[in-house]
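Scope of the values below: all heavy atoms of this structure, side chains included, with no hydrogens, waters or symmetry mates. Just so it is clear: chains get the letters A, B, ... in the order the sequence lines come, proteins before strands, and each one is counted from 1.
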Amino acid sequence: MKEIPTRYDHTTEPVTYDEWEKSGQFSPKGKGEPFSMIMPPPNVTGDLHLGHGLTYAVHDTIARYQRRLGKDVLILPGADHAAIAVQALVEKKVQKEQGMSRTQLGKEKFLEEVWKWIEYYMPRMKVSLRRFGLSADWTKFRFTMDEHSQNAVQTAFIELYKKDLIYRGNYLVNWDPKLQTAISDDEVVYQEVPGKLYWIKYGPITLATVRPETKFGDTAIAVHPEDHRYIKYVGTEIEVTLATGEKKKIPVVADEAVDPEFGTGAVKVTPAHDPADFEIAKRHNLPAIEVIDQYGKLTAVAGEFAGLKASDAREIVAKKLEEMGLLEKTEDYAIRQPISERSGAVIEPRLSTQWFMKTTELKKEALAAVRSGKITFFPKSIEKTYEHWLSNLHDWCISRQLWWGHEIPAYYDESGKIYVAESLDAAQKLAGATAKLTKDPDVLDTWFSSGLWPFSTLGWPNAEAPDLKRYFPTSLLETGTDILFFWVARMIILSLALQKDVPFKQVYFHGLILDEDGKKMSKSKGNVLDPLILIDKYGADAFRMSVIGGNSVGQPQRYSEQKIIKYRNFVTKVWNAARFVAITADNTKPVKPTKLDRTETEFCQKLERLTQNNQKFFTNYQLGVALEELYEFFWHEFADKLIEYEKKVIQETTDVERAKEAKAFLSWALQEQLPLLSDFAPFLVDRIKKEMFQ
RNA sequence: GGGCAGUUAGCUCAGCUGGUAGAGCAUCUCGUUUACACCGAGAGGGUCAGAGGUUCGAGUCCUCUACUGCCCACCA
C-alpha cells in the first residue's frame, strides 16, 4: 500500500508550474486547428487584484479545455506600460525619495526612474501571473513599451496619418489641470455636487448659468429657433456688461440644442470651455475666447479677476455682478461635475492643439463587424451597449502631455508645418535640408498602443510574421465589461483600419467581482482581497474555481472567503477519492470493464451526459455551470454513490473476478473525470497523476 | 433623461428552446475513527419582487409597476 497523505499539498504548485513551463507544453505546436487568445496585459503598477485573478483563471480554464479538444492553443502574455498611471506613481515615488517634482528632475532622468520602476515590478508581476497556473507561452511575452511594440505604434501612427485617419487640430478637450494633460472622453467620470444656478442679465435677456466666471469668454447668446420670446433678438447684437465693467457686443443665435424649457430658455455660449457651446460655436462661426488657462486659473480677459482659480472665482464674480445689479437671483442646483478618473481633479474643458483619430467612417465598420456576426459577444446584451457607445463616439483625442509613453512621430518646422515620419532624418528629407525641425513633445494615449495589441504582439507590422499569419484574427478575447470602450472597441477600430479584419472572433465578458455586500472592491474602501494571499492560503486550484464557480456570463458576483473554502474542500475531496481508488485499485489498469451491472451502467450514462454538457457549457462560456455540474457529479455521483457501492461489492463478494472488475471500474471512472477536472484544477490533477498513478 | 442587467430557500447563486423548483453555505437530527470531519445519511425551509396577459400548463414567453446595480447623455 502506498503512503499517501490525506491532504493535498498546494505549496508544491510553483514547482509543478516550473516543470510545465520547462517542458514547453504551453507553447503551441503549430499543428491542428489554432486557438489563440491575447491576454489582457495588466498594468505594470505593482499589484494584481481579484479581477485579474478571474481573468487569468478563465483564460487558463478555456485554454486547457481547448487543448484537451486537440486545438493548437496560444495564450500570449504581456504587460502594459499604463502611461498616466505609472507616470503618476513614479512621480509620487520621486517626490517622496528625492523631494523633487517631475519637472525639477527633468525628462531624461525621470524616464530613467520610470524604467527602474518597470525593471523592478515586471519580474515580480511575471512571477505573480504564474501563480494562477496560467498556461501562457512566456517565450512570446510582450511589453507595450518594448522595442517591437514601439516600432508597431510608430508605424501605425504613420499609416493612419497617411490614410488621413489621424489629424492634428485645435479643439475642445478634457483638460486635467492636475496632471497637466488632455484625456479622452472615456477617462472622465461625472459627479453630482451641490451648486447654484445664477440668473444673470445679459442686456435685455436674462439667462441661467452655473458658471458665471466664464462670462468673460461668452461670444454669443443662444436661444431655440422657435422660441417666440426671443425671436426678435435673433440675428442682432446685444450689449453685455462684464464683471470688470467692460461692455461688449455679442450676437444672439438660434440653435436647436437649446432647451426652451430650461431656465429662461436663453443660454450663454462659451465655446472655449463647454463642449455643447463649442458645437454651437462651430455651427454659427463664433470665435472662442480662452478664459481659463492650463492651471485652471482665469486668464487676462478676466481683468482684475485674472489669476484666480476658476472654482474660487465663481462666487467672487457672482458677487460683483450682484453689486452691479446684473444678478437677478440664484437657486440651489445640483451640478454635474466632470472629474478626471485618473487624478480626481475637476476637468476643465479647454481649447488645445492635440492629435485626434477620426472615427466617423471606422465606427460604421466597427458596428458592422458585430452586427454581421464576424464578432460575437458573450453575453449578447453587451452588443447594445457597444452599439450605443459607437454611435455616439466623437473623434478620439490620442495625444497626452506626458513623458512616459509612446512618442508621436511628428516633427514641425518653424512655420509649424507637420511632417510625420519614423525618424528625424526621414522628416528632414520631407521638409528639406534647411528646415529646422522640432519633435512633437507629447506621447500617445495608452489605449492607442493597447488597441494594436492583438496584431502587434503577433508580429505586425511584418505582414509575413508566422504568428500573425497563423493566429490572427485571434479566436477569443476574454475580459471585463469595464474596458469595453477603452480597449475592446478600440482594438476593433484599429484592427479594421490597419489589418482590414476583426481582431478576434469572440469576446467573452466575465462579470465584475463585488465584495460580500455587493459593493465594488476598491482600495479606498479597503474591501479588496489580494488573490495571491488567497492562493498562498488555499492553493491556486481552489482560487480558480472560487472565482469561476457560481459565476455566470457577464453577471456580477459577490465574493467572500467562504467560496474559496468550498472549493478547497472540493480539492481535498477529489484528492481523497483518488487516494482511495489508488490504494484499493492500485494495480488495475483503467480500462472500462466489459461486464457492468445496473449501477455501473447507470453511472456510465450519467458520465456520458456530464461530458456532453461539459462541452456544451464551454461552447457557451458557461464555465460556472460547467464547474458546478462537475462538482456535483464528482462528489455525489462518484464519491458518495459509486465509490460506496463498489466498496461494498469488493467487501462482500466472494467472486475474485467481480472484485477485480469493481476496482477496475472505479479506476476507469476516475480517469474519465480527471481531464475534465484538470481544466479547472490543473495542479491537483497533475499531482494525483504523479503521486498515485505512476 | 436614455439604455442594459438583476430581483428564485436565512445567505451566495444555478435553472438551455415553458410541464407544479435545485446546489453550496448556514440550521437541526443521526452516523462514522481503515479514502476524506476540509466526512456520510437525512430533515426543515421558497405563493420563484408585485400585478395583468398568452397557454391545457409559466421562475421559464408578453405588458406594466416597484426596488437594486451597471453603463451612457451637450439640459447650460
Give a yes/no answer on whether the side chain of [X] brings an N or O atom under 4.0 Å of OP1 or OP2 in [N].
X	N	result
Lys647(A)	rA35(B)	yes
Arg558(A)	rC11(B)	no
Arg568(A)	rC38(B)	no
Lys384(A)	rC4(B)	yes

All side-chain contact (heavy atoms from CB on, under 4.5 Å) counterparts of [X], not counting sequence neighbours:
X	answer
Lys563(A)	Ser546(A), Gln557(A), Tyr559(A)
Asn392(A)	His388(A)
Glu608(A)	Gln612(A)
Tyr171(A)	Tyr167(A), Phe278(A), Phe356(A)

TODO: With syn defined as a glycosidic angle within 90° of 0 and anti as everything else, classify rG59(B).
DONE: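 rG59(B): syn.
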When rounded to the nearest Å, what value does the distance between [atom1] atoms of [N] and [M] take?
N	M	atom1	result
rC16(B)	rC61(B)	P	8 Å
rG45(B)	rC28(B)	C1'	11 Å
rC56(B)	rC11(B)	P	37 Å
rG15(B)	rC75(B)	C1'	44 Å
rC13(B)	rA5(B)	C1'	16 Å

Task: All pairs passing ring pair (Phe, Tyr, Trp, His ring centres under 6.0 Å) where residues 197-222 of chain A contributes a residue, at least two apart - done: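 Passing the test, one end in residues 197-222 of chain A: Phe216(A)-Phe305(A).
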Task: ring pair (Phe, Tyr, Trp, His ring centres under 6.0 Å): pairs with one or both residues in residues 626-648 of chain A, sequence neighbours excluded - done: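 Of all non-adjacent pairs touching residues 626-648 of chain A, those that pass ring pair (Phe, Tyr, Trp, His ring centres under 6.0 Å) are Tyr567(A)-Tyr631(A), Phe570(A)-Tyr631(A), Phe603(A)-Phe633(A), Tyr631(A)-Trp635(A), Phe634(A)-Phe638(A).
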- [ ] Quick one: the dot-bracket string of RNA chain B, using Watson-Crick and G-U wobble pairs with both distances under 3.5 Å, [ ] for crossing pairs and | for bases paired to another strand.
- [x] ((((((((.[[[[.)......]]]].((((((....).))))).....(((((.......))))))))))))....
Open item on the list: Any base atoms under 4.0 Å from Lys566(A), or only sugar-phosphate, or nothing? Heavy atoms, all strands.
Closed with: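 The answer is sugar-phosphate, as Lys566(A) gets under 4.0 Å only of primed atoms, P, OP1 or OP2.
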- [ ] Confirm from the modelled atom types if Gln562(A) and rA26(B) form a donor-acceptor pair under 3.5 Å, side chain to base only.
- [x]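 Donor-acceptor pair under 3.5 Å: no.
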Mind listing the side-chain donor-acceptor pairs of residues 376-384 of chain A below 3.5 Å, one per line with the distance, residues two or more places apart or on another chain?
unit_1, atom_1, unit_2, atom_2, d
Lys380(A), NZ, Glu383(A), OE1, 3.2

Task: Side-chain ion pair, Lys647(A) and Glu644(A), N-O less than 4.0 Å - done: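 Glu644(A) and Lys647(A): salt-bridged.
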Task: Residue pairs, two or more places apart or on separate chains, that pass salt bridge (charged side-chain N to carboxylate O under 4.0 Å, His left out) and touch residues 625-635 of chain A - done: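 Qualifying pairs: Lys566(A)-Glu628(A).
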- [ ] Could I get the full list of salt bridge (charged side-chain N to carboxylate O under 4.0 Å, His left out) partners for Lys363(A), not counting sequence neighbours?
- [x]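 Once residues adjacent in sequence are excluded, Lys363(A) has no partner under the salt bridge (charged side-chain N to carboxylate O under 4.0 Å, His left out) criterion.
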TODO: Going 5' to 3' through nucleotides 71-76 of chain B, assign each nucleotide B (protein heavy atom under 4.0 Å from a base atom), S (under 4.0 Å only from sugar-phosphate atoms) or - (no protein heavy atom that close).
DONE: SSBBBB
- [ ] Please check if any side-chain donor atom of Gln354(A) sits under 3.5 Å from a side-chain acceptor atom of Ser352(A), or the reverse.
- [x]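 Per modelled atom types, Gln354(A) and Ser352(A) side chains form a pair under 3.5 Å.
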TODO: Enumerate the residues from residues 635-643 of chain A whose closest heavy atom to RNA chain B is under 4.0 Å, giving them by residue number; use none for an empty result.
DONE: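 Close to the strand are Trp635(A), His636(A), Ala639(A), Asp640(A), Ile643(A).
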